[in-house]
Each structure stands twice: as structure tokens, then as C-alpha cells.
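Read through the structure below, which is laid out as C-alpha cells, and then see the notes.
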Amino acid sequence: MVLGSAGSLTVWAIGVTVWAGVHERGTALAFGLLIAVGELARTGGTSEGERDTAPLAAAGALAYALLGENGGGATHHGVAQVVTVTVAAGLLGGLPHLAAGRGPAPEQLARRTLSVAFAAVCFQPLYNTGALADLVHPGPVYALWMTGVLAVTALCDAVLAAALARARTGWPFAPLLRDELRAMIGIGSAVCATGAVMALTVAVAGLWALPVFSLPLLLTQLSLRRYAAVRQTYRQTIASLARSTEIAGYTPHGHARAVAALSRAVGRELGLSRSALTVLEHAALMHDIGQLSLVDPVPAGATASLPAEAQRRIARLGGAVVRQTGVDPEVALIVERQADPRCEQPLAARIVRTANAYDELVRAQGPGGPLAALERLRLATGHDHQPEVVEALARALAQRGSGALLPWDTARPPGGAAGAGAVT
């Protein structure tokens, strides 16, 4: 529905623009060039926990949507021209990325189109008819009014992003919306502020203000690119550590990734935030690393069947190893507390414990194991496993459709799903 709405809006906008002609072609060309350069410098998210961002393009599009004057002279472009310029420039700047097969995704373009159109609808008709001048006098109140329009636009974009993610993944809507709203506090607020300041400055100083206000966001975009490279190295380090137990013969092949995938699915069912899911996934990947300290490997790496004290000792050793790697301390805490008494564990440690037990039970029991494993976990909810976590695991497995309760697919690399984009 979102793609259809954005497509229909684009067709209407192009038709109106072609019929009425392009107003202030120099201004349209300058903003279109700015949006295209911003799209060209887009930073692609590489995992589920990262965003595909183009803050310069987003700020330029919002500034064009809120532009009422250029160098003291009134502009006359309307909503249709704003949408046409945004879509055309976005496609032009995104062509190299599309040719390289790294996006942006159609839903990201649709979100950008609808968000910019919303801001333009809130501003252009009121300004062009003079109604805005009657409602808000020039000065600080005018700037506050523009900021309010951008805030409402950002809120609508967050709702739209959460709805798209919900439709794509089937995850609960509330945590997705919470993640999108949190993201708005960071780069989203910078984009909205830059868009407002850019529109106000161009109204006074003309188009020369565009390169001046583009430079900070362009530098920010370069910093985001470096940050994405660091995060990629970080994930590769964790994946290598997780595989060390498999290479050494302490755990079965694919066990760590299976537990990580199960844990992440259960965390989503329980409404954990995006950042909490990332910490949970990393802890699940390294939950067995303490076994490297054992002289004799545990048969099949099945620690869930060991005595409680042996489980806690392996978990503490694993937590100590994780702390030495420089990984997030929260990850080490989850690893070392995965075998503690249930009532003393944080929620993430309970999830890892249940996911690990499920995967080990399935592997041990062969065909028919998934059903029997879930039954064993349900019988153990009185002491070892939290009932809510076990039921969340059952729901996550049931969402696999006709293949419900089959062993988890371990072919997917950790964090391999495309991240949801932001308005940026």
C-alpha cells in the first residue's frame, strides 16, 4: 500500500509538473543537485541493527519542501514540483548504488517521497495563498512553526517506517516504533534542524547558503561511513570468536548461529529494542566460548545436561574471555550469567539459556525432536526456564509456517537481514 501510494503520488506530481511547467528552474536545479549528491554519498546499512542513511539528501528535500523565498523573492513551486524534484534527484543519485546492487530499497524511496510530500502539503499551500502570513508573522514564531512541521513530519515518518518493518518482518509494531523514535533523536534531529535552517537561510541569502550548510552534514555522512566500517569489523570479530569452539571441536557446526537466531527471534517476540537485540545476538553467538577452557570437551557440546555448578563455571569462564576481547560489557554479563538460577538472571540470559537448551535437545533427539524439545522446556518452566520465554520461542517457531518446529535455519549469517531505513 505504501509503495502504491508513493507511486501514485509520483505519477500525479510528474503529470502536474509537466502540465504546469517548472517554476524557478535554477532553484529546482540547485536543490535537485543537492539531493542527488546526498543520495550518491548514501551510507548503506550492512546489518539489521544499522540504518541505510542519506542525511544530506533528506535535509535538502525537506528544505525544498519548506522553501517560501529565495534571496528575498517569493517562490511559486508547489507540492507537485517538490515531489517531482525529490524523486528525480533521488533516482539520479541512487543509480550508481542500484547498479552496484546495494540499494536504496524501493520502500526507502517511497518513505522519502511520502515524508517530503507531507511536509510540502503542510507548508506550500498555506504559504503560496498567503494564509501562512496571516497565521504566523515573520520572526521567531515563524521558525518555531517550521520546526513544528518538521517534528510532525518526523513522527509520521517513524510511524511509516515501523509499519513497513512490521509488514516486512511480522515483528511487534510497538518496539519497532520505539526504535524509530529513538533514531530520530540522533541523526534525525540533525536532519530536521539542518532542513529548517537551510530553508530560512536560502530565503534571505539565496542559493549560496546551500553549500555552506551542506558541508557539516556531508562530513557527518563520511563519519557514518567510517562508523559502519568499524561495526562491520566488530561483527566479523564476534563471528570469528563464535566459530572458534566449532573449529576446536567443542560444539557442533552451526550451533552458535542457531542459538543466536533463536535468541533474536525470541527477543523480538518479547518486544526487545533493536540495540538490545544486537547485544542479545552477540551474547548468544559467544555463549559457549567458555568451553575452550575445558581439557575434555563436553559430549556434543551439550552443556544444558551438565550439573548446575559445571554450567556456571563454564559460563563464568566464557564471560571472562569475552571481557578480554573488548566487546560490549553487557555481552559479557549475559554470557557469564546464562547458567545462574533463573530468578537471578537478566531477561537476555534467560533467552540464551532457553534457546541453547532447545537447540541441544533438537540435535540430540533427531526427527521429531522439535516437538519433544519444546515439551521438555515447558516441563522445566518450574525451575530452569521462564514460561514467557518458552512460549515466545514456541511462537517464533510457529511463525515458520508449515515448517514449524523444524530445526532453525543456520545458513543465514548473523544480522544478515537488511536494516530498515530512516527518513535520512
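Note that the coordinates shown come from a computational prediction; the quantities given were computed from them, not determined experimentally.
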* From Thr27 OG1 over to Gln81 CD, what is the distance, rounded to the nearest 0.5 angstrom? -> 9.0 Å
* Can you name the residues that form a ring-ring contact (aromatic ring centres under 6.0 Å, His included) with Tyr142, not counting sequence neighbours? -> none
* To do: State the CG-CZ distance between Leu280 and Arg264, to the nearest 0.5 angstrom.
  => 8.0 Å
* **Rounded distance (nearest 0.5 Å) linking atom NE2 of His385 with atom CG of Leu393** => 10.0 Å
* Asked: Given side chains that start at C-beta, do those of Ser244 and Gln291 come closer than 4.5 Å, heavy atoms only?
  -> no
* Distance, nearest 0.5 Å, that separates CG of Leu62 from OG1 of Thr194 -> 10.0 Å
* Asp288-His255 side chain donor-acceptor pair, cut-off 3.5 Å -> yes
* For the student: nearest non-hydrogen atoms of Cys192 and Ala154, plus distance -> SG-CB, 4.1 Å
* With a 4.5 Å limit on heavy-atom distance, are the side chains of Val335 and Val352 in contact? -> no
* Asked: Under 6.0 Å from the CZ atom of Arg178, do we count more than 12 heavy atoms belonging to anything else shown?
  -> yes
* To do: Of all the heavy-atom pairs spanning Gly60 and Phe31, show the shortest one and how long it is.
  => O-CD2, 3.5 Å
* Asked: Of all heavy-atom pairs between Pro252 and Arg363, which one has the smallest distance, and what is that distance?
  -> CB-NH1, 4.0 Å
* Asked: Got a sec: does the CD of Gln324 have more than 12 other heavy atoms crowding it under 6.0 Å?
  -> no
* For the residue pair Ile14 and Val87, establish whether any side-chain heavy-atom pair is separated by less than 4.5 Å. => no
* Atom pair CG (Leu91) and OG1 (Thr86), whose distance is rounded to the nearest 0.5 Å -> 10.5 Å
* Grab the two heavy atoms, one from Tyr64 and one from His77, that are nearest each other, plus how far apart they are. => O-NE2, 3.1 Å
* To do: Please check if atom CD in Gln386 has more than 12 non-hydrogen atoms from other residues, nucleotides or ligands closer than 6.0 Å.
  => yes
* Salt bridge present between Arg257 and Glu246 (N-O < 4.0 angstrom) -> no
* **Worked check of side chain to side chain contact (heavy atoms under 4.5 Å, CB included) between Thr113 and Leu9** => CA-CA 8 Å; Thr113 302; Leu9 177 64; 4.1 Å; yes
* Roughly how far, to the nearest 0.5 Å, is CG of Leu379 from OG1 of Thr381? -> 7.5 Å
* Answer yes or no: is there a side-chain heavy-atom contact under 4.5 Å between Thr278 and Asp328? => no
* **Non-hydrogen side-chain atoms of Leu33 and Leu210 separated by less than 4.5 Å** => no
* To do: Go through the steps to decide whether Arg395 and Arg268 satisfy the test side chain to side chain contact (heavy atoms under 4.5 Å, CB included), and finish with yes or no.
  => CA-CA 11 Å; Arg395 291 196 300 273; Arg268 282 196 298 265; over 6 Å; no
* **Ionic contact status for Arg316 with Glu309, cut-off 4.0 Å** => yes
* Pairing residues for Leu177 by the side-chain contact (heavy atoms from CB on, under 4.5 Å) criterion, not counting sequence neighbours -> Ala158, Val159, Ala162, Phe173, Leu181
* To do: Taking the side chain as every heavy atom from C-beta outward, state whether Leu292 and Val321 have any atom pair closer than 4.5 Å.
  => no
* Asked: Should Leu347 and Leu272 be marked as a side chain to side chain contact (heavy atoms under 4.5 Å, CB included) after you check the CA-CA gap, both sets of side-chain angles, and the distance that decides it?
  -> CA-CA 10 Å; Leu347 176 60; Leu272 298 188; 3.9 Å; yes
* Heavy atoms only: give me the nearest Asp340-Arg353 pair and the separation to one decimal. => O-NH1, 2.6 Å
* Nearest heavy-atom neighbours spanning Thr153 and Phe118 -> OG1-CD2, 3.5 Å
* Using the test side chain to side chain donor-acceptor pair (under 3.5 Å), find all partners of Arg378 that sit at least two apart in sequence or belong to another chain. => Glu391
* Asked: Do Leu397 and Leu374 come within less than 4.5 Å of each other through their side chains, counting heavy atoms only?
  -> yes
* Asked: So, do Cys122 and Val152 sit near enough that their side-chain heavy atoms are less than 4.5 Å apart?
  -> no
* Short question: side chain of Gln345, backbone of Gln338 - any donor-acceptor pair under 3.5 Å? -> yes
